[in-house]
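Predicted model only: the values in this text are computed from it and were never measured.
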Amino acid sequence: MKHFDLIVIGGGSAGYAGARTACELGKSVAVIDGAAELGGLCILRGCMPSKTLIYSAEVLHLAQIARKFGLDIPTAKASFPNLQSRKKKVIQEFQEYREGQLTDGRFQLFRNFAKFTGDKQITTDNGTTLSAEKFLIATGSSIAFPPIPGLDAPEILTSDDILSLDTQLESAIVLGGGVVACELAQFLCRTGTKTTLIQRSPNILKSMSPEVSDAIIKAFKEEGMAVHTGTEGLQLHKAPNGFSATFQKDGQSCAVFAKHVVNALGRIPATGSLGLGKTGVELLGSGHIRTDTFQQTTHPDIFAAGDCAGPHEVVHVAILQGECAVKKAFGQNPSPMDYDPLLTVVFTDPQAAFVGIPDSELERRGIPHLSESYPFDDHGKSILMEAKHGYVKVTAHKESGVVLSAECVGKDAGELIHTMTVAVSLKATVHALAKAHWYHPTLSEIWTYPLEDLAESTATKG
């Protein structure tokens with residue numbers, strides 16, 4: 001039996017971050033990953049391929065509305081073989097880099113799947129038995145298949161399928177209203193697919209504010225997408241040359257038809273084959289592994305990070321969790337995970353971004369606060385860019401003026417939000433930010449409007 005200081009199960013962002021951290025501490029490390037390709041979800045089937053395709057669709061969209069800019073571009077359409085070729089080239093560079101990191105000799109890499117066969121013992125699918133002082137579970141997530149009648153039809157596509165399309169879909173029903181559903185629905189719509197989005201909740205992107213949902217739905221509809229929110233009783237029916245989806249909305253029976261259905265109803269933690277029953281590691285009702293603020297599970301020597309642990313399934317959080325877990329495991333006294341400065345970005349167009357503590361949580365904690373907002377359609381740079389959808393919003397402590405959160409829906413919101421990410425993390429005040437230099441005309445200077453209003457309204461004057 002081979003013994004290590006740390007065994008990491010999963011070689012994605014969280015797993016690699018944990019393994020690297022352990023090596024920096026001088027520990028012996030085994031990484032176990034049985035996926036066909038090394039790299040993890042972000043590189044292979046998530047962030048990088050999706051954003052590559054989404055950006056291509058944005059360039060196409062700008063070409064198609066070129067007349068708004070005084071340009072004459074007679075035709076512009078997507079070439080799916082070329083889109084795939086570019087996507088593969090982009091992600092290949094990242095995948096090869098990650099594979100090189102995992103195979104550079106710092107760790108012992110096992111290209112297998114594994115499960116726990118004892119309290120501190122695992123067995124790989126080729127029969128190898130390994131033990132360790134500490135374990136980090138970083139197995140990620142898999143596509144969810146909720147119990148919707150008809151969703152089990154083999155012809156139904158997933159987000160993985162959309163990211164690998166080499167031909168345009170004529171029409172598609174996209175199920176879901178989360179980040180993946182919204183991003184891929186707009187990609188399909190912009191590349192020529194007649195697209196319908198169906199969401200059960202009253203709003204899309206329900207983890208964000210209703211104002212975000214309203215702004216993005218407005219943009220979707222202007223681009224020709226049909227959007228149905230607040231639906232009930234969804235059922236899918238195989239029909240000649242496609243599918244029909246029936247549901248209730250506002251007390252009325254509705255039916256839509258498309259040649260294809262895309263399951264974009266989220267992901268679930270990939271923990272089912274780990275044999276966690278042998279360890280006493282508990283799961284939450286969501287299926288995520290129960291962890292404390294240091295990523296320690298209910299077993300003192302087993303930690304978990306990334307999508308399998310939650311609560312926020314984004315890469316930078318997974319990396320921070322992996323580092324925190326290993327430092328805690330080996331007595332380095334790290335700071336606990338803190339999600340108050342959490343940053344979220346959605347790569348629709350307009351993009352949506354939020355950083356900090358949501359208003360509902362501020363109210364629950366009894367923190368006095370004020371908010372001010374300003375629209376992009378009254379802002380110089382966004383007007384000349386024909387980027388008029390959306391707004392910025394800043395929330396500050398009512399007395400001190402410390403920035404507590406910021407929200408941006410608009411052109412390049414994922415870039416613009418980082419000004420406020422720094423402000424939230426450093427606990428900057430609106431008074432200090434209002435005195436900074438903001439160049440005109442830039443998209444960034446739109447933040448000055450809510451900042452100046454808040455500097456006038458908060459109790460402490462700068």
Answer whether the closest heavy-atom distance between the side chains of Leu163 and Ser50 falls below 4.5 Å.
yes

Okay, side chain of Gln168, backbone of Gly192: is any donor-acceptor separation there less than 3.5 Å?
yes

Can Asn82 and Ser85 be said to form a side-chain hydrogen bond (donor to acceptor under 3.5 Å, both in side chains), step by step?
CA-CA 5 Å; Asn82 290 338; Ser85 177; 5.7 Å; no

More than 12 heavy atoms of other groups within 6.0 Å of Asp104 CG
yes

Is it the case that the side chain of Thr291 and the backbone of Thr297 share a donor-acceptor pair, with hydrogens and angles ignored and the cut-off at 3.5 Å?
no

If you compare all heavy atoms of Ser141 against all heavy atoms of Leu41, which two are closest, and at what distance to 0.1 Å?
OG-CD2, 4.0 Å

Does the Ser425 side chain pair with the main chain of Val422, one donor and one acceptor, at a distance under 3.5 Å?
no

Compare all side-chain heavy atoms of Val179 with those of Leu205 and state whether any distance is below 4.5 angstrom.
yes

Evaluate the side chain to side chain contact (heavy atoms under 4.5 Å, CB included) criterion for residues Lys68 and Glu386: first the C-alpha distance (whole Å), next the side-chain angles of each, then the deciding distance (0.1 Å), finally the verdict.
CA-CA 8 Å; Lys68 289 187 176 183; Glu386 292 290 343; 4.1 Å; yes

Minimum side-chain heavy-atom gap Asp378-Tyr391 below 4.5 Å
no

From NZ (Lys88) to CD (Glu93), nearest 0.5 Å
15.0 Å

Taking atom types as modelled, is there a side-chain donor on Arg98 or Gln101 under 3.5 Å from an acceptor on the other?
yes

Sidechain-backbone polar pair: Asp412 side chain, Glu415 backbone, donor-acceptor under 3.5 Å:
no

Would you say that Ile446 contacts Trp438 through its side chain, given a criterion of any heavy-atom pair below 4.5 Å between the two side chains?
no

Could you verify whether a donor N or O on one side chain and an acceptor N or O on the other, from His431 and Thr458, lie under 3.5 Å apart?
yes

Between the side chains of Arg290 and Glu282, is the shortest nitrogen-to-carboxylate-oxygen separation below 4.0 Å, so that they form an ion pair?
yes

Determine whether a donor-acceptor pair (N or O, by modelled atom type, separation under 3.5 Å) exists between the side chain of His369 and the backbone of Ile367.
yes

Trp447 side chain to Leu416 backbone, donor-acceptor under 3.5 Å:
yes

Take Cys47 and Val315 through the side chain to side chain contact (heavy atoms under 4.5 Å, CB included) test and state the conclusion after the steps.
CA-CA 9 Å; Cys47 314; Val315 167; 3.7 Å; yes

With distance as the sole criterion, is a donor-acceptor pair present between the side chains of Gln252 and Gln248 under 3.5 Å?
no

So does Arg365 pair up with Asp340, basic N to acidic O under 4.0 Å?
yes

Roughly how far, to the nearest 0.5 Å, is CD1 of Ile357 from CZ of Arg364?
10.0 Å

Just wondering, more than 12 heavy atoms not from Lys206 lying within 6.0 Å of its NZ?
no

A side-chain contact here means heavy atoms from C-beta on lying under 4.5 Å apart; do Glu183 and Lys51 qualify?
yes

How long is the straight-line distance from CZ of Phe257 back to NZ of Lys194, given to the nearest 0.5 Å?
10.0 Å

No-hydrogen, no-angle side-chain donor-acceptor test under 3.5 Å, Gln84 and Ser164
no

Can you see which heavy atom on Phe294 is nearest to which on Pro334, and at what distance?
CE2-O, 3.1 Å

Could you check whether His260 and Phe243 have their ring centres less than 6.0 Å apart?
no

Looking only at non-hydrogen atoms, find the nearest pair between Gln351 and Gly414 and report the distance.
OE1-N, 2.7 Å

Taking all heavy atoms of Ala264 and all of Val174, pick out the closest pair and write down the distance.
CB-CG1, 4.1 Å

Looking at Val402, is its backbone amide N or carbonyl O close enough to the side chain of Ser400 to form a donor-acceptor pair, meaning the two atoms are under 3.5 Å apart?
yes

For the residue pair Glu313 / His288, report whether a side-chain donor-acceptor contact shorter than 3.5 Å exists.
yes

State the SG-CD distance between Cys189 and Glu223, to the nearest 0.5 angstrom.
6.0 Å

Closer than 3.5 angstrom, by distance alone: can the side chain of His397 be matched with the main-chain N or O of Glu399 as a donor-acceptor pair?
yes

When rounded to the nearest 0.5 angstrom, what distance separates CG in Leu53 from NZ in Lys87?
6.0 Å

Is the number of heavy atoms from other residues, nucleotides or ligands within 6.0 Å of OH (Tyr55) greater than 12?
no

If the threshold is 4.0 Å, N to carboxylate O, is there a salt bridge linking Asp349 and Arg190?
yes

Going by heavy atoms in the side chains, are Asn203 and Met208 under 4.5 Å from each other?
no

Contact summary for Asp33 and Gly11, nearest pair of heavy atoms
OD2-N, 2.9 Å

Dump the intermediate steps for side chain to side chain contact (heavy atoms under 4.5 Å, CB included) on Phe80 and Thr191, then the final yes or no.
CA-CA 9 Å; Phe80 276 80; Thr191 53; 3.6 Å; yes

Check step by step if ring pair (Phe, Tyr, Trp, His ring centres under 6.0 Å) holds for His389 and Phe376.
CA-CA 6 Å; His389 285 289; Phe376 272 100; over 10 Å; no

Report, as yes or no, whether the 6.0 Å neighbourhood of atom OH on Tyr97 holds more than 12 heavy atoms from other residues, nucleotides or ligands.
no

With side chain to side chain contact (heavy atoms under 4.5 Å, CB included) as the criterion, how do Gln295 and Met337 come out once you've worked through the C-alpha distance, each side chain's angles and the decisive distance to 0.1 Å?
CA-CA 8 Å; Gln295 303 307 125; Met337 291 300 300; 3.5 Å; yes

Test salt bridge (charged side-chain N to carboxylate O under 4.0 Å, His left out) on Arg20 and Glu323 and set out the steps.
CA-CA 8 Å; Arg20 180 200 64 220; Glu323 294 170 344; 2.4 Å; yes

Less than 4.5 Å apart, side chain to side chain, heavy atoms only: is that true for Ile148 and Asn263?
no

For Gly310, does its backbone N or O pair with a side-chain atom of Gln321 as donor and acceptor, under 3.5 Å?
yes

Within this structure, what is the CD1-SG distance for the pair Ile137 and Cys308, rounded to the nearest 0.5 Å?
6.5 Å

May I ask you to decide whether Glu58 forms a salt bridge with Lys411, counting only side-chain N to carboxylate O separations under 4.0 Å?
yes

Note: Ala318 and Ala305 closest approach over all heavy atoms is O-CB, 4.4 Å

Within-4.5 Å side-chain heavy-atom neighbours: Val262 and Leu175
no

Spell out, as yes or no, whether a donor-acceptor pair under 3.5 Å connects the side chain of Ser56 to the backbone of Ile54.
no

According to the interplanar angle, ranging from 0 to 90°, do the rings of Tyr449 and His379 count as parallel (below 30°), tilted (30 to 60°) or perpendicular (above 60°)?
perpendicular

